[in-house]
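Position 1 is the first residue of the sequence, and the numbers go up from there. Treat the numbers as computed from the prediction; the structure is a model and nothing was measured.
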Amino acid sequence: MNIKAAYDIEHVSSTSKIDHELWPLDEINPKAARFPCCLVWTPLPVVSWLAPFIGHVGICREDGVSLDFSGSNLVNVDEFAVGAVARYLQLDRKQCCFPRNLSGHTCKQGYQHSEFGTAMTWDDALQLSNRQFEHRTYNIFTCNSHSFVANCLNRLCYGGSMSWNMTNVAALILFKGHWVNSTSIIRSFLPFTVVACLGLLIVGWPFLIGLFSLSFLLLGWYLLGTYCVKGLLEC
């Protein structure tokens, strides 16, 4: 009975400590461009007109300010590079690993996580990745905004995983993200629809075949580079 009581006290104490460290976040406020602890996404000019599943992604601090890798040696802070946020997904900080020492890992990837680089808080992880990508060369095919977000998630060991990459970051926001409003949906798909319709009217079916072939080629490149050719898409 005493052992159970001692366990209950320790469990409550541990939970209280976590709740104290993870202070409440402000509400998501799209009008003020504040998305606390969120992944954020917006379509890319021209590229998204041809392949609407491709876009620009960033990650936000606890105060809702966005960070995004948008060019060589450039990480934007509170200035999303290519327009207003269209989709967002708020992440749960309790699924992160914030070890205070080597024995403090809550994830099962302790050694790998320590080797990659850990952080004490959510914002600390983003700041460390920010410093790292301020010295990286941007390339939309091999080292882009998704690479930066994946680096942040690996540093957080989000969801107990150290395997975040361009592809699963894109899939996460694509399948689980929420639209900011109906205008965001229109802004994301209208250009593609216009291009497809004009191409069909002017060129005919070969244009649509070429357009979808381009999408499959891009998707194949990222899948191949991520899972088949090790190191191809590593910044």
* **Heavy-atom closest contact (Phe98 atom, Thr121 atom, distance)** => CE2-C, 3.3 Å

* To do: Kindly say whether Ser163 contributes a backbone atom to a donor-acceptor pair with the side chain of Asn165 at under 3.5 angstrom?
  => yes

With a 3.5 Å cut-off and sequence neighbours excluded, list the donor-acceptor pairs that the side chains of residues 184-195 form with protein atoms.
{"residue": "Ser184", "atom": "OG", "partner": "Asn181", "partner atom": "OD1", "Å": "3.0"}
{"residue": "Arg187", "atom": "NH1", "partner": "Thr42", "partner atom": "OG1", "Å": "3.2"}
{"residue": "Arg187", "atom": "NH1", "partner": "Ala84", "partner atom": "O", "Å": "3.4"}
{"residue": "Arg187", "atom": "NH2", "partner": "Ala84", "partner atom": "O", "Å": "3.0"}
{"residue": "Ser188", "atom": "OG", "partner": "Ser184", "partner atom": "O", "Å": "2.8"}
{"residue": "Thr193", "atom": "OG1", "partner": "Phe189", "partner atom": "O", "Å": "2.8"}

* Asked: For atom CZ of Phe141, is the number of surrounding heavy atoms from other residues, nucleotides or ligands below 6.0 Å larger than 12?
  -> no

* Which pair of heavy atoms, one from Leu211 and one from Ala196, lies closest together, and at what distance? -> CD2-CB, 4.2 Å

* **Residues forming a salt bridge (charged side-chain N to carboxylate O under 4.0 Å, His left out) with Asp124, sequence neighbours excluded** => none

* To do: Compare every heavy atom of Val65 with every heavy atom of Leu67, then report the nearest pair and how far apart it is.
  => CD1-O, 3.7 Å

* Asked: Between the side chains of Ser70 and Asn76, does any donor sit under 3.5 Å from an acceptor?
  -> yes

* To do: Evaluate the criterion side-chain contact (heavy atoms from CB on, under 4.5 Å) for residue pair Leu91 and Leu156; output intermediate values, then yes/no.
  => CA-CA 11 Å; Leu91 303 182; Leu156 291 164; over 6 Å; no

* Shortest non-hydrogen separation from Pro36 to Gln90 and the atoms involved -> O-NE2, 2.9 Å

* **Derivation of the side-chain contact (heavy atoms from CB on, under 4.5 Å) call for Tyr222 and Leu233** => CA-CA 8 Å; Tyr222 290 118; Leu233 301 184; 4.1 Å; yes

* Considering all heavy atoms of both residues, which atom of Glu62 and which atom of Asp123 are nearest to each other, and what is their separation? -> N-OD1, 2.9 Å

* Asked: Remaining members of Tyr88's ILVMFWY cluster at a side-chain heavy-atom cut-off under 4.5 Å?
  -> Ile28, Phe35, Val40, Phe80, Val85, Val180

* Contacts of type salt bridge (charged side-chain N to carboxylate O under 4.0 Å, His left out), residue Arg61, not counting sequence neighbours -> Asp63

* **Residue list, side-chain contact (heavy atoms from CB on, under 4.5 Å) with Phe116, at least two apart or on another chain** => Asn151, Asn154, Arg155, Met162

* Leu74: which other cluster members, linking ILVMFWY side chains closer than 4.5 Å, directly or transitively? -> none

* To do: Only pairs at least two apart or in different chains count here, so list each ring-ring contact (aromatic ring centres under 6.0 Å, His included) that has a residue in residues 142-162.
  => Phe133-Phe148

* To do: Go through Thr118 and His105 one step at a time and tell me if the side chain to side chain donor-acceptor pair (under 3.5 Å) criterion holds.
  => CA-CA 10 Å; Thr118 62; His105 286 270; 5.8 Å; no

* To do: If you link ILVMFWY side chains whenever their heavy atoms are less than 4.5 Å apart, which other residues fall into the same cluster as Met120? By chain and number, please.
  => none

* Distance (rounded to the nearest 0.5 Å) between Glu234 CD and Met166 CE -> 10.0 Å

* To do: Return the set of residues passing side-chain contact (heavy atoms from CB on, under 4.5 Å) with Thr106 (not counting sequence neighbours), or none when no residue passes.
  => Cys97

* **side-chain contact (heavy atoms from CB on, under 4.5 Å) against Leu214, all qualifying residues, sequence neighbours excluded** => Leu50, Leu218

* Without swapping roles, check the side chain of Glu134 against the backbone of Val75 for a donor-acceptor pair under 3.5 Å. => no

* To do: List the steps and the verdict of side-chain contact (heavy atoms from CB on, under 4.5 Å) for Ile140 and Leu44.
  => CA-CA 11 Å; Ile140 193 171; Leu44 277 170; 4.1 Å; yes

* Asked: Between Gly55 and Ser48, what is the shortest heavy-atom contact and its length?
  -> CA-OG, 4.1 Å

* To do: Sorted by first residue and then second, give each disulfide (SG to SG under 2.5 Å) pair with at least one member in residues 105-173; sequence neighbours left out.
  => Cys143-Cys235

* Scan for salt bridge (charged side-chain N to carboxylate O under 4.0 Å, His left out) pairs involving residues 77-86, sequence neighbours excluded, and state none if there are none. => Arg34-Asp78

* Asked: Around Trp221, counting heavy atoms of other residues, nucleotides and ligands shown, do more than 12 lie under 6.0 Å from its CH2?
  -> no

* To do: Return yes if some donor-acceptor pair links the side-chain N/O of Ser147 with the main-chain N/O of Asn144 below 3.5 Å, else return no.
  => yes

